[in-house]
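Below: the structure, in structure tokens.
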Amino acid sequence: SAKDMKHRLGFLLQKSDSCDYSSSQGKKEKISSSQRLSQEEVRKWADSLENLIHHERGLAAFRAFLKSEYSEENIEFWVSCEEYKKTKSPAKLSPKARKIYDEFISVQATKEVNLDSCTREKTSHNMLEPTLSCFDEAQRKIFTLMEKDSYRRFLKSPYYLDLVSPPGAGCGPENCKRNHTHTLDCNSNIISQCA
């Protein structure tokens, strides 16, 4: 239910706060000063899936939402492809490509993504000589799938709605256990480490 999802996200954010305390003082200052979310930033997430997943906290919120729907393999695949494209050493291309392929694309993949047989076949063929663009078509298909499906549900979910609208009229830090902006003071790395 929506209430359960809201509770789960709140729990994740609380856990990440406890992780914050164990991090260095410099890191805490950096997070609180440079990573505070404005309502304007959160509203931009509704403009496009690209805006959402290219924002560190947007990606974290979307990932938490997908996890609640048991479909986080799509965003994990997309992120893995983005990281793969940054590979500088040609010697590392093949092992990294194989790892992504085995995890997300092969028929026995542990986190198999939903690809049509043509795209799957083309990607399999690309594995013979992996390049930085060998997952481009598969990544595009998964992006489109998320854009048409889970992204739209995300925008109607408490994961997004609770961030885009103020928690309540006249609710200041003195009246609330947690200041609304304070709940947003965690980055996706901390959320994923604490989950």
Side-chain angles (χ1 to χ4, degrees), residues 5-88 96 99-100 103-104 111 113 132 135-136 139-140 142-167 178-195:
M5 287 193 290
K6 185 177 174 183
H7 176 75
R8 273 188 231 134
L9 183 61
F11 180 70
L12 276 175
L13 293 171
Q14 284 177 342
K15 282 183 83 176
S16 69
D17 284 348
S18 65
C19 284
D20 264 357
Y21 300 129
S22 65
S23 65
S24 70
Q25 185 64 32
K27 188 175 179 183
K28 274 192 274 184
E29 286 170 8
K30 184 179 173 190
I31 288 171
S32 60
S33 65
S34 68
Q35 296 193 356
R36 212 171 280 280
L37 265 185
S38 70
Q39 291 296 306
E40 186 183 330
E41 284 178 297
V42 175
R43 282 189 198 99
K44 283 181 186 172
W45 298 351
D47 293 342
S48 70
L49 176 58
E50 204 160 294
N51 283 357
L52 174 68
I53 60 181
H54 282 100
H55 189 286
E56 194 174 13
R57 300 256 201 63
L59 177 61
F62 189 52
R63 185 178 265 160
F65 168 72
L66 291 176
K67 207 168 194 172
S68 76
E69 292 199 327
Y70 304 100
S71 62
E72 69 266 26
E73 69 279 352
N74 291 330
I75 194 65
E76 287 180 19
F77 172 68
W78 186 88
V79 168
S80 294
C81 291
E82 287 297 290
E83 289 170 3
Y84 173 78
K85 289 184 215 175
K86 296 174 188 166
T87 305
K88 292 193 173 23
K96 281 185 174 184
K99 185 177 189 287
I100 292 170
E103 192 172 358
F104 299 104
K111 298 175 184 178
V113 291
L132 288 176
F135 294 110
D136 284 1
Q139 186 184 21
R140 242 187 325 275
I142 294 303
F143 181 89
T144 303
L145 182 73
M146 290 190 296
E147 190 173 41
K148 290 180 177 175
D149 185 32
S150 45
Y151 172 61
R152 291 179 183 176
R153 286 196 311 278
F154 169 77
L155 294 177
K156 295 174 185 172
S157 77
Y159 286 88
Y160 177 71
L161 296 175
D162 287 354
L163 297 177
V164 79
S165 57
R178 296 173 61 80
N179 179 327
H180 185 63
T181 55
H182 181 70
T183 62
L184 304 176
D185 280 343
C186 58
N187 65 32
S188 58
N189 292 336
I190 292 172
I191 288 177
S192 59
Q193 287 168 1
C194 294

Residue pair K85, E82: steps toward the salt bridge (Lys or Arg N to Asp or Glu O under 4.0 Å) verdict: CA-CA 5 Å; K85 289 184 215 175; E82 287 297 290; 3.2 Å; yes
Parallel, tilted or perpendicular: ring planes of F154 versus Y160, cut at 30 and 60 degrees: tilted
Least distance between heavy atoms, M146 atom then I75 atom: SD-N, 3.8 Å
Residue pair Y84 / L132: nearest heavy atoms and the distance that separates them: O-CD2, 3.6 Å
Nearest heavy atoms of S150 and L66, plus distance in Å: CB-CD2, 3.5 Å
Contact check, side chains of F143 and E50, non-hydrogen atoms, under 4.5 Å: yes
K44 and H55, any side-chain heavy atoms less than 4.5 Å apart: no
Lys/Arg N to Asp/Glu carboxylate O, D136 vs R140, below 4.0 Å: no
Nearest-0.5 Å distance, CZ of residue F135 to CD1 of residue I100: 4.5 Å
Heavy-atom pair of closest approach, residues A61 and L163: CB-CD1, 4.2 Å
Pair K111 + E103: basic N to acidic O under 4.0 Å: yes
Rounded distance [0.5 Å steps], CD in E72 versus OH in Y70: 9.5 Å
Q139 side, atom CD; S80 side, atom OG - distance, nearest 0.5 Å: 9.5 Å
Approximate separation, where rounding is to 0.5 Å, of H54 NE2 and L59 CG: 9.5 Å
From F65, W45, F62, residue fulfilling ring-ring contact (aromatic ring centres under 6.0 Å, His included) relative to Y159: F65
Closest non-hydrogen atom pair, R43 against V164: CG-CG2, 3.5 Å
Between CD1 on residue I142 and SG on residue C81, distance to nearest 0.5 Å: 9.0 Å
Spatial distance of atom NZ (K96) from atom OG1 (T87) [nearest 0.5 Å]: 3.5 Å
